[in-house]
**Student:** 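So that we are looking at the same thing, I have put the structure below in structure tokens.
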Amino acid sequence: MSVRHPRWKKIHAVVRRIPKGRVATYGQVASLAGMAGHARQVGYALHALDDEDAVPWQRVVNARGEVSPRSDPGWDQIQRQLLEREGIHFDLRGRIDLDRFGWKHHARS
DNA sequence: TTTATGGCTGTCA
DNA sequence: ATGACAGCCATAA
């Protein structure tokens, strides 16, 4: 309760409603947050979120379906472990099948 | 106020 | 399929 109307808070809310066992892309989160096209800010927002926000930032991946190489090396592995622990499967290249684990409003087959 | 950064995305070779 | 370049814009100093 310090800032006034940060867009990040909206982003945190969107990320927070990502279902477990599902991943969303930065672009998708941005779109749901009302900032379609500002995917970059989404990643930055997740980088600056508070630990008490309980935001499953790990469920947010880039458009390629893989974790992004953030500033602090090592967290990319942690993110991968967290996702695997939620039931998300990575391929041999460390990529996720967005067609299956991607958070979509419209299930298929 | 301006400047610099950045967990991205889309297009081109 | 991957690798490289430019663009967009919010937040922090």
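Order of the sequence lines sets the chain letters (A, B, ...), proteins ahead of strands, with each chain counted from 1. Predicted model, so just to flag it, every value in this text is computed and none were measured.
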**Student:** If every non-hydrogen atom of A/P19 is compared with every non-hydrogen atom of A/R59, which pair is closest and at what distance?
**Tutor:**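 Looking at all heavy atoms of both residues, the shortest contact is O-CD, 3.9 Å.
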**Student:** Measure the distance from OH on A/Y44 to C1' on C/dC8 and round it to the nearest whole Å.
**Tutor:**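 Roughly 15 Å, once rounded to whole Å.
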**Student:** Please report, rounded to the nearest Å, how far the P atom of C/dA1 is from the CZ atom of A/R64.
**Tutor:**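 The distance from CZ of A/R64 to P of C/dA1 comes to 11 Å, rounded to the nearest Å.
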**Student:** From B/dG7, C/dC8, B/dT9, pick the nucleotide closest to the side chain of A/A63?
**Tutor:**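 In terms of side-chain proximity for A/A63, the closest of B/dG7, C/dC8, B/dT9 is B/dT9.
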**Student:** Could you work out which one of B/dG7, B/dT9, B/dG6 sits closest to the side chain of A/W57?
**Tutor:**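 Of all the options, the side chain of A/W57 is nearest to B/dG7.
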**Student:** For B/dT11, what is the paired nucleotide under Watson-Crick or G-U wobble rules, both distances under 3.5 Å?
**Tutor:**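 The answer is C/dA4, by the H-bond criterion.
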**Student:** If the threshold is 4.0 Å, N to carboxylate O, is there a salt bridge linking A/E86 and A/R22?
**Tutor:**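 A/R22 and A/E86: not salt-bridged.
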**Student:** Tell me the interatomic distance from A/I78, atom CD1, to B/dG7, atom P, rounded to whole angstroms.
**Tutor:**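 In whole Å, B/dG7 P and A/I78 CD1 are 16 Å from each other.
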**Student:** Nearest to the side chain of A/R40, which nucleotide is it out of C/dC8, C/dA10, B/dG7?
**Tutor:**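 For A/R40, the side-chain atoms sit closest to C/dC8.
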**Student:** Do A/R40's NZ or CZ and the ring of A/Y26 fall within the cation-pi criteria of under 6.0 Å and 45°?
**Tutor:**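 Judged by the rule (NZ or CZ under 6.0 Å from the ring centre, within 45° of its axis), A/R40 is not positioned above A/Y26.
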**Student:** Would you say A/E66 and A/V61 make side-chain contact, with heavy atoms under 4.5 Å?
**Tutor:**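 The answer is no, as the side chains (C-beta and beyond) never meet within the 4.5 Å cut-off.
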**Student:** Tell me: NZ of A/K10 to P of C/dC9, nearest whole Å?
**Tutor:**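 Checked: the NZ to P distance equals 18 Å.
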**Student:** In terms of side-chain heavy atoms of A/Y26, which of C/dC8, B/dG7, C/dT11 is nearest?
**Tutor:**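 Output: B/dG7.
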**Student:** Base, sugar-phosphate or nothing for A/H47? Non-hydrogen atoms, less than 4.0 Å.
**Tutor:**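 Counting heavy atoms under 4.0 Å across all strands, the contact made by A/H47 includes a base.
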**Student:** Among the nucleotides C/dC8, C/dC9, C/dT11, which one has an atom lying closest to any side-chain atom of A/H38?
**Tutor:**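 In terms of side-chain proximity for A/H38, the closest of C/dC8, C/dC9, C/dT11 is C/dC9.
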**Student:** Does A/R59 reach a base, just sugar-phosphate, or nothing at all? Heavy atoms under 4.0 Å.
**Tutor:**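 Here A/R59 touches no strand at all.
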**Student:** Rounded to whole Å, please give me the gap between CE in A/M35 and C1' in B/dC8.
**Tutor:**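 Distance check: A/M35 CE to B/dC8 C1' gives 12 Å.
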**Student:** What is the separation between atom CG on A/N62 and atom P on B/dG7, rounded to the nearest whole Å?
**Tutor:**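 Value for this atom pair: 12 Å.
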**Student:** To the nearest Å, give me how far apart CD (A/E66) and C1' (C/dG3) are.
**Tutor:**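 The answer, rounded to whole Å, is 13 Å.
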**Student:** Taking the side chain of A/A39 as heavy atoms from C-beta outward, which of C/dA10, B/dG7, B/dT9 is closest to it?
**Tutor:**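 Closest nucleotide among those given: B/dT9.
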**Student:** Determine the contact category for A/G27: base if any of its heavy atoms lies under 4.0 Å from a base atom, sugar-phosphate if only primed atoms, P, OP1 or OP2 are that close, otherwise nothing.
**Tutor:**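 Sugar-phosphate: the residue A/G27, judged by heavy atoms under 4.0 Å, touches backbone atoms but no base.
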**Student:** Regarding A/V67, tell me which of base, sugar-phosphate or nothing describes its non-hydrogen contacts under 4.0 Å with the strands shown.
**Tutor:**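 If one applies the 4.0 Å heavy-atom cut-off, A/V67 turns out to touch nothing in the nucleic acid.
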**Student:** Inspect the surroundings of CZ in A/R17 and state if more than 12 heavy atoms from other residues, nucleotides or ligands are less than 6.0 Å away.
**Tutor:**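 Enclosed.
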**Student:** Between A/D72 (CG) and B/dT5 (P), how many Å, whole number?
**Tutor:**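 Roughly 17 Å, once rounded to whole Å.
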